[in-house]
Amino acid sequence: MKIIIADFIYTPNGYIKNHAVAFDDAIIAIDTLEELQTRYKDAKIHHTEANSVLYPGFINTHVHLEFSANKTALQYGSFMPWLHSVIEERDTLLASCDNATMMSACEAMLRSGITAFGAISSFGTELEVCEQTPQRVVFFNELIGSNAAYADMLYGDFTQRLDASMHCDKASRITPAIAIHSPYSVHPVLLHKAIGLAKQHALPLSAHFLESQAERDWLEKGEGEFKPFFEKFFNTSTPVTTTKEFICAFDTHPTHFTHCVQTSKEELEYLISKGHSVAHCPRSNRYLGVGRLAIEYLMKAKFSVATDGLSSNDSLNLFDELRAALMLHHQAPLDKLASRLIRSVTGDAAEILGLNCGKITVGAAADFAVVTLPEAPKREEEIALWTILHTKEVSEVYIEGEKYV
Ligand code: BEZ
Ligand code: FE2
């Protein structure tokens with residue numbers, strides 16, 4: 001048994017003072033230090049540095065580790081030129097992304113306090129790294145393929161990757177999961193099979209959705225920038241599905257939809273009514289020039305803030321991402337937004353991924369990140385804001401009660 005004490009503890013009821021947390025691999029009790037010491041006489045007591053806040057470990061629900069080698073290869077600024085550059089550079093980027101590169105991306109996430117992440121896996125090449133890294137990983141095996149002629153082959157490859165992620169050692173903290181690449185790139189037959197599989201095995205499910213105006217133009221009218229793209233690469237000028245058809249396919253399985261920048265208020269309300277959630281990737285959206293997610297429509301819903309991959313970002317640091325979110329949503333009241341953003345990468349993110357962490361409550365996993373502020377906060381209602389503005393790296397990280405930073 002261990003006891004950790006910090007100036008503030010972030011709980012589902014807000015920041016509390018003069019308290020400590022007793023834990024082994026899970027959280028055992030939250031009380032005053034005196035009370036915990038009396039109850040757990042042999043516990044080892046750890047005092048964090050002055051001005052520290054004990055948080056549950058932070059959660060990055062959406063990242064692509066396989067593209068971690070990208071720095072200047074992919075074209076930013078607009079979605080279609082970026083997608084073309086992905087096709088052009090993909091083989092080179094994948095070949096230069098070895099286990100050491102991906103492990104260093106995991107370590108950078110760990111130093112920024114990320115104790116769990118959702119890895120979107122196109123090829124399964126990061127499975128070994130995800131098994132080795134101490135973080136919990138929800139391993140989203142991605143399904144792609146709009147051409148019916150290749151459907152069986154692609155589905156076979158997908159189920160093999162899914163199967164491998166289902167047989168990882170328990171110590172690897174891997175949860176197998178399914179990702180649908182997008183409405184424009186997955187044939188409805190494949191889509192329905194994969195959703196059926198997610199339901200059958202109760203697997204977390206995720207999908208990129210309405211990331212760009214080009215995607216909407218293609219799905220609704222078979223027009224726009226995707227038309228020459230599909231004509232060139234797939235010899236077709238008809239989309240395989242519509243926005244409405246795609247959304248309705250997920251009606252009975254809560255799904256984590258990524259981006260949604262071109263989703264209307266009505267569509268967002270529909271997603272919320274079906275229990276779905278949204279992954280918001282502000283830097284990726286800005287770098288690919290796709291617009292701003294209207295998070296003001298998501299205040300009653302669950303959304304996360306996530307980094308996406310280094311294929312559309314400059315770091316996997318969750319605090320860099322939270323600072324970008326604060327800037328992007330300039331119309332929102334600052335303190336309130338900061339508090340909501342912290343919830344989006346802790347408790348809400350854990351619920352989205354179906355993990356028993358992300359909250360400092362009795363019975364949750366003992367996953368913690370200690371944030372040390374440069375000075376004592378003058379007003380408690382600003383702790384979330386100072387956390388986001390002043391943190392590049394956290395001072396300590398625990399996963400299942402073990403200290404990793
Ligand atoms: C496809 O496999 O159909 C696809 C892949 C990437 C972009 C668009 C379509
Ligand atoms: Fe993504």
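The structure presented is a predicted model; accordingly, all values stated were derived computationally and were not measured. For the single chain, residues carry numbers from 1 onward in sequence order. When a ligand or atom number is given, it counts from 1 through the structure's own listing order.
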Minimum side-chain heavy-atom gap N51-P374 below 4.5 Å:
no
Taking only heavy atoms of the protein into account, state which residues are under 4.0 angstrom from an atom of ligand 1, in chain and number order.
I144, G145, S146, Y184, S185, F229, F230, F234
Side chains of Y55 and T387: donor-acceptor distance under 3.5 Å anywhere?
yes
Partner of V397 under side-chain contact (heavy atoms from CB on, under 4.5 Å), picked from V370, T115, I114, is T115
Please check if the number of heavy atoms outside K244 that lie under 6.0 Å from its NZ is greater than 12.
no
Begin with the C-alpha distance, continue with both residues' side-chain angles, and end with the deciding distance and a verdict on side chain to side chain donor-acceptor pair (under 3.5 Å) for S146 and S185.
CA-CA 5 Å; S146 59; S185 62; over 6 Å; no
Does any donor atom in the side chain of T263 or E267 lie under 3.5 Å from an acceptor atom in the other side chain?
no
Is any side-chain heavy atom of N99 closer than 4.5 Å to one of M102?
yes
Spell out the protein N/O/S atoms under 2.8 Å from the Fe ion (ligand 2) as residue plus atom name.
H62 NE2, H64 NE2, H208 NE2, D308 OD1
Does one side chain, of S311 or H64, offer a donor that lies under 3.5 Å from an acceptor on the other?
no
Report the residue from R173, R136, Q135 that forms a side chain to side chain donor-acceptor pair (under 3.5 Å) with D367.
R136
